[in-house]
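This report refers to the structure that appears directly beneath it.
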Number of protein chains: 2
Amino acid sequence: MSELEQHNALNQSLNTLAEALQSGRFIRMRRLLSSLHPAETAHLLESLPPAERKVCWPIINPELRGEVLSYIGEDVRTSLMVDMDTADLLNATEDLDTDDVVDLLQDLPDHVMQEVLRAMDSQRRRRIEVILGYEEDTAGGLMNTDVVTVRSDITLEVVLRYLRMLGELPENTDSLYVVDHNDKYLGTLQLSQVVSRSRSMTVREVMSHQIEPIPANMSDEDVAHRFEKHDLISAPVVDKDNHLLGRITIDDVVDVIRDVAEHSMLSMAGLGEDEDTFAPVKRSVHRRSVWLGINLLTAFLASWVIGLFDTTIEKVVALAVLMPIVASMGGIAGSQTLTLVIRSMALGQLNDNNKRWLLRKEIAVGAVNGIIWAIAIAFVTYLWFQEVGIAVLIGIAIIINLLAASLAGVTIPLALKKVGIDPALSGSVLLTTITDVIGFMAFLGFATLFIV
Amino acid sequence: MSELEQHNALNQSLNTLAEALQSGRFIRMRRLLSSLHPAETAHLLESLPPAERKVCWPIINPELRGEVLSYIGEDVRTSLMVDMDTADLLNATEDLDTDDVVDLLQDLPDHVMQEVLRAMDSQRRRRIEVILGYEEDTAGGLMNTDVVTVRSDITLEVVLRYLRMLGELPENTDSLYVVDHNDKYLGTLQLSQVVSRSRSMTVREVMSHQIEPIPANMSDEDVAHRFEKHDLISAPVVDKDNHLLGRITIDDVVDVIRDVAEHSMLSMAGLGEDEDTFAPVKRSVHRRSVWLGINLLTAFLASWVIGLFDTTIEKVVALAVLMPIVASMGGIAGSQTLTLVIRSMALGQLNDNNKRWLLRKEIAVGAVNGIIWAIAIAFVTYLWFQEVGIAVLIGIAIIINLLAASLAGVTIPLALKKVGIDPALSGSVLLTTITDVIGFMAFLGFATLFIV
């Protein structure tokens with residue numbers, strides 16, 4: 001079945017489900033839902049409006065609910081979990097990996113979390129509490145404590161016998177970790193080595209030191225960088241004394257990589273990372289209203305600048321007609337530079353050595369584009385209003401504003417980062433404030449000086 | 001060494017390198033470069049301005065150049081490869097995985113690619129030509145042909161003996177593929193099963209059917225979705241007759257996942273996916289100029305709308321002062337909806353069942369936010385200009401424009417997708433055109449009707 005067919009099949013499921021929902025045929029819905037992979041069920045739930053979601057959720061097999069939840073974004077997940085009691089939660093999380101359990105528990109109110117923890121068996125609880133001790137967005141919070149360890153002085157023959165004795169290995173196990181008697185990390189023993197090297201060799205001879213252990217307090221973004229940079233599948237996590245705590249596998253890192261990449265885009269529109277597209281109106285209004293309010297302040301600032309020149313506009317109304325062009329071109333050029341710089345910062349490409357080069361380059365791009373479009377705009381303006389003065393004026397204002405846009409596009413995110421503010425979140429507001437103010441100021445100011 | 005220390009160390013390297021570059025101390029540079037992981041060298045090259053890049057490149061160990069290139073974005077890579085001759089290219093690609101070789105070859109002019117291929121040994125050439133037969137952005141183009149296959153009727157004992165005979169396994173091998181005598185795919189044999197199950201069991205008893213093979217013509221985005229959805233580490237690729245062609249590993253998919261996530265953000269600013277932050281001014285001017293030109297057309301359209309009401313503005317200059325507020329609020333609200341919808345579409349969450357729900361929801365959000373901010377803006381306007389008429393007018397215009405913004409934010413991307421245009425690329429231009437035109441139209445039009 002091709003992905004397209006799969007996609008259609010999923011859409012088909014959604015259609016059938018929607019129908020079954022409307023006619024209240026719950027048995028049919030249950031049968032349909034039980035035929036899906038938990039990831040597909042998760043996707044299906046995320047695509048449903050809230051009311052339908054609430055109807056569907058109880059129909060899902062209680063034992064699969066935990067896995068389904070682990071595939072759902074935080075926003076939607078929290079809204080589903082509030083209605084579950086401790087027994088439900090325990091049942092749902094029973095078969096999950098420790099790192100997934102922690103993800104779910106962290107969304108719960110503290111007293112509910114404690115209740116669920118108390119109800120677990122003590123070994124599992126201890127393992128989970130280790131992870132809970134670390135911040136959600138660190139290596140410790142990402143890791144899984146289900147690891148298989150071996151000693152360095154045994155032969156591969158013994159390793160193989162030990163693994164057969166263990167039976168099933170944790171999911172996505174591609175390597176074992178070698179530790180000393182104090183549980184200190186010594187190296188990584190890849191399964192591909194275990195199966196391809198001579199059985200009489202010792203672990204010490206075969207193990208690899210290439211994978212550096214990840215400190216538990218490393219940020220999840222840095223973990224993602226390291227996985228990407230070294231094409232890792234899994235990596236060991238250690239505490240500050242090099243004791244092995246767990247491992248991180250790439251499937252958990254993939255979520256971080258996507259979140260990091262999406263974060264900039266969503267932040268630039270004032271949206272949250274886990275924004276639920278189908279959130280209730282009330283929540284959406286609240287979140288976006290704040291953003292509109294902040295932007296309104298900058299809009300009023302721009303208006304105030306225009307207001308300074310109201311007598312000029314009264315005399316030459318063409319200025320009012322043309323002024324949005326100056327502001328808009330500055331805003332577009334600036335947001336191009338800003339987007340590029342924010343992305344370079346996220347990828348860790350910007351540093352003290354090249355930021356001055358980049359600033360010079362962006363100003364050069366702004367100058368050249370400014371001149372090109374100043375000429376074009378001046379020409380059209382002349383044709384439209386038959387006034388050389390206004391045509392020259394708008395050309396000069398465009399050049400000034402595109403230069404200001406380049407300068408602001410590079411310096412704003414660098415300055416914001418220096419003072420610890422997320423450039424993606426506040427960069428675009430600040431940028432358009434600057435391009436609006438400078439654009440109106442230059443255009444209307446020069447007009448006041450030279451034309452009126 | 002923590003990631004922060006690593007980061008500082010890399011920055012330190014960059015500083016030393018910059019110094020060495022300026023003083024022309026090439027031996028020092030060479031020593032420095034040879035101490036880095038190829039991924040770090042790649043990162044370092046990407047962070048250098050073009051002139052310094054060209055100086056550094058020849059100093060890098062020729063045998064590592066291929067791996068370094070495989071970690072670099074397309075834009076920068078092409079600029080480095082144009083100066084390499086066939087012997088250089090052959091030398092650089094010698095030790096690379098087939099999929100990485102293909103990535104590099106695809107950036108070369110056709111005749112150079114043919115030359116390099118001719119110079120390879122015939123087995124490697126055949127393998128690479130198989131991959132080259134598929135589009136770059138399909139599963140076939142992503143796959144690696146170095147796979148280890150086994151038959152289903154042998155025991156794990158025999159598998160182990162076979163693997164030991166093979167010696168080293170291809171990088172990131174976490175599973176073997178089971179094929180019949182016609183090379184048709186039968187199932188996946190995970191290494192974790194090989195080491196943990198009884199040696200006397202046959203491959204057929206142990207192999208898994210859970211991982212569905214990926215058709216070679218599946219798009220890379222769909223491949224990424226499937227890997228994310230099912231938390232895969234690797235997956236087999238088959239042709240339409242189910243013959244095993246190769247395998248895709250997660251490290252290749254991670255790049256696709258990041259590109260997909262970044263694509264929307266970069267497109268929304270009119271930037272390309274592989275945009276090199278340190279591209280020469282000329283190239284940057286050209287790319288961005290096109291985007292500014294397109295936006296200029298919409299800006300002129302907005303100006304033309306304002307021009308329709310120039311006599312009204314002449315009489316009530318406060319309208320000119322306030323009109324950017326109406327346009328700006330509409331633009332911000334619309335881009336929030338647009339960003340959300342584009343992201344939902346990229347995640348495959350939008351479908352025929354929920355799009356009408358979403359439209360209704362967004363219009364409700366627009367209405368509520370419209371009313372809230374209309375009141376606030378009307379109030380400030382009254383305080384500023386002491387004119388009830390203008391205050392009421394701007395309030396009404398804000399409500400109308402926020403409703404239009406919601407409607408446009410949902411329908412534009414859906415409509416663009418239907419006609420096969422990338423909504424991320426052209427959505428924001430269309431949206432601001434609509435919010436500008438409707439904003440100015442409503443505010444100045446009603447003013448002409450009721451105030452003047």
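To find a chain, count down the sequence lines: A is the first, B the second, and so on, and within it residues start at 1. In what follows, every heavy atom counts, from backbone to side chain, and hydrogens, waters and symmetry copies are set aside. All values reported here derive from a predicted model rather than from experimental measurement.
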In chain order, what residues pass the side-chain contact (heavy atoms from CB on, under 4.5 Å) check against V285(A), with sequence neighbours excluded? V281(A), V365(B), V368(B), N369(B), I372(B)
Contact class of V321(B) relative to chain A, heavy atoms under 4.5 angstrom: both
Taking all atoms of both residues into account, what is the closest heavy-atom pair of S47(B) and N351(A), and its distance? CB-ND2, 4.1 Å
Determine whether the side chains of T298(A) and N295(A) contain a donor N or O and an acceptor N or O closer than 3.5 Å. no
Counting heavy-atom pairs under 4.5 Å to chain A, which of A320(B), A318(B), A302(B), S428(B) comes out on top? A320(B)
Of all of A376(B), G293(B), S335(B), which one pairs up most often with chain A through heavy atoms under 4.5 Å apart? G293(B)
Relative to chain B, which segment of L160(A) carries a heavy atom at a distance below 4.5 Å: side chain, backbone, both, or neither? both
Parallel under 30°, tilted from 30 to 60°, perpendicular over 60°: which one fits the rings of W384(B) and F300(A)? tilted
When only pairs under 4.5 Å are counted, which of T339(A), L292(A), V254(A), D174(A) shares the most heavy-atom pairs with chain B? L292(A)
Would you confirm whether R226(A), through its side chain, and E212(A), through its main-chain N or O, come within 3.5 Å as a donor-acceptor pair? yes
Going by heavy atoms in the side chains, are M329(B) and L402(B) under 4.5 Å from each other? yes
Out of L163(B), V195(B), L191(B), which one racks up the most heavy-atom pairs below 4.5 Å with chain A? V195(B)
Option in S192(A), S219(A), A42(A) with maximal non-hydrogen atom pairs under 4.5 Å from chain B: S192(A)
Find the one option among S328(A), P49(A), A269(A) whose heavy-atom pairs under 4.5 Å with chain B are most numerous. P49(A)
Not counting sequence neighbours, which residues clear ring-ring contact (aromatic ring centres under 6.0 Å, His included) with F278(B)? List them please. W357(A)
Closest-packed option against chain B by number of heavy-atom pairs under 4.5 Å, given K361(A), E46(A), R360(A): K361(A)
Picking from S264(A), A224(A), P170(A), which has the most non-hydrogen pairs under 4.5 angstrom with chain B? S264(A)
Identify the two heavy atoms, one from W291(A) and one from Q336(B), that lie closest to each other, and give their separation to 0.1 Å. CD1-NE2, 2.9 Å
With respect to chain A, which residue among T173(B), L166(B), I233(B) yields the maximal number of heavy-atom pairs within a distance under 4.5 Å? I233(B)
Heavy-atom pairs under 4.5 Å with chain B are the metric here; pick the option from S303(A), A364(A), G331(A) that has the most. S303(A)
Structural part of R288(A) lying under 4.5 Å from a heavy atom of chain B: both
